[in-house]
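Working notes, structure below.
Note that the coordinates shown come from a computational prediction; the quantities given were computed from them, not determined experimentally. Proteins get letters first, then strands, A, B, ... in listed order; numbering begins at 1 in each. Values below: every heavy atom of this structure, side chains too, minus hydrogens, waters and symmetry copies.
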2 protein chains.
Amino acid sequence: MYTISEISRLTDTSAHTIRYYEKEGLLYPKRQNGQRRYDDQDVTWLRFVLRLRETHMPIEQIRSYVTLFLAHGEQDTTRERLALLEAHHANVLAQLAALHETERMIAEKVDTYRRLHPTIPALDVVQSSENASVN
Amino acid sequence: MYTISEISRLTDTSAHTIRYYEKEGLLYPKRQNGQRRYDDQDVTWLRFVLRLRETHMPIEQIRSYVTLFLAHGEQDTTRERLALLEAHHANVLAQLAALHETERMIAEKVDTYRRLHPTIPALDVVQSSENASVN
DNA sequence: CTATTCCTTAGAGTGAACTCTAAGTCAAGC
DNA sequence: GCTTGACTTAGAGTTCACTCTAAGGAATAG
């Protein structure tokens, strides 16, 4: 069982943020004398949450997911959770595609600059028609 | 030459946002009777800016880049611009790696759920040790 | 000519996700 | 026994990137 400062170190996340995530309904740690205690499952889950956040899944959506998980037992929420995951999966794939395309654009511009260096004439002359100005 | 509403339509970006970008020093359109007029270069540049924003390059960094571009003529800013581009390129590559990893994690969870469906027993029993709880 | 539509500006408001402050409790080390 | 440091809470403040409002001026369609 970890204290908040321990899980903070383990996940490289401020205690402030961890408490904030709890307030937002993403975490439900045990309590000992009123203090938060986290087990390995909590650490694993927090790491997953951080992953989802890195990929810009809104906190509200993560909360929906957790809520469904907590509702399990009362009723079967597997279908809904799968739907949420699949939606975010599609989202991540779209992000990947956009990033990939932008990566290509930037790599191309970097290349253009590299070819110009160290003798730099008027830049606009050297551009392809696609990249009408280097910018 | 396009009006603000035309470039807005062309780039699928609100006129509000386009004026905001100008205020932030990302765009320098011509003026006609005080009204903004955009040429094809401006459109191309705005599209590139939108790409950079999509990949989370802060507006301030984009402004630095533009500022260097505008300073060209006074002095050679190619080296600095190359450095900025390369830094963001590294950034984008890091984002790609993170996204890719998260994509794998989510795809795995989706798979797990799919295998459980439509007969769903106690979920926690089915987990791998890595994914101690489905969550 | 007049209504509509577009434009202008400064500046206020919004929403997401933190990030920190203040005031206080509690347990461990010396 | 007291200082240090970690913990608690409610709530305020910050940052970023928009997003909109208000008040008004100019061009175009009928």
Set of residues satisfying side chain to side chain contact (heavy atoms under 4.5 Å, CB included) with respect to Gln35(A), sequence neighbours excluded |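 Side chain to side chain contact (heavy atoms under 4.5 Å, CB included) check on Gln35(A) returns Arg37(A).
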Is there a side-chain polar atom (N or O) of Ser5(B) under 4.0 Å from OP1 or OP2 of dC7(C)?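 Yes, within the criterion.
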Who are the salt bridge (Lys or Arg N to Asp or Glu O under 4.0 Å) partners of Glu22(A), not counting sequence neighbours?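 Salt bridge (Lys or Arg N to Asp or Glu O under 4.0 Å) list for Glu22(A), sorted by chain: Arg31(A), Arg36(A).
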Side chain to side chain donor-acceptor pair (under 3.5 Å) with [X]: which residues, sequence neighbours excluded?
X         : result
Ser14(B)  : Thr17(B)
Arg104(A) : none
Ser8(A)   : none
Asp111(B) : none

So if I take [range] and measure heavy-atom distances to DNA chain D, which residues fall below 4.0 Å?
range                     : result
residues 14-25 of chain B : His16(B), Thr17(B), Tyr20(B), Tyr21(B)
residues 53-61 of chain A : none
residues 26-37 of chain A : Arg31(A), Gly34(A), Gln35(A), Arg36(A)

Exercise for review: Name all pairs fulfilling the salt bridge (Lys or Arg N to Asp or Glu O under 4.0 Å) condition that reach into residues 50-60 of chain A, sequence neighbours left out, sorted by first residue then second.
Suggested key: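 As it turns out, the salt bridge (Lys or Arg N to Asp or Glu O under 4.0 Å) pairs with a partner in residues 50-60 of chain A, which skip direct neighbours, are Arg51(A)-Glu54(A), Arg51(A)-Glu101(B).
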Practice problem: Not counting sequence neighbours, list each pair that qualifies as a salt bridge (Lys or Arg N to Asp or Glu O under 4.0 Å) and has a residue in residues 7-19 of chain A. | Solution: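 Of all non-adjacent pairs touching residues 7-19 of chain A, none passes salt bridge (Lys or Arg N to Asp or Glu O under 4.0 Å).
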Q) Mind checking what makes ring-ring contact (aromatic ring centres under 6.0 Å, His included) contact with His16(A), not counting sequence neighbours? A)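 Testing His16(A) for ring-ring contact (aromatic ring centres under 6.0 Å, His included), a comparison that skips the adjacent residues, returns none.
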| CD1 of Ile7(A) versus P of dA6(D): gap in Å, rounded? |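 These atoms are roughly 17 Å apart.
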Whole angstrom is fine here: how far is it from CG in Asp12(A) over to P in dC18(C)?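 Atom CG in Asp12(A) sits about 13 Å away from atom P in dC18(C).
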Margin query: Over 60° means perpendicular and under 30° means parallel, so tell me whether Tyr65(B) and Trp45(B) are parallel, tilted or perpendicular.
Written below: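 Answer is parallel, since the angle falls under 30°.
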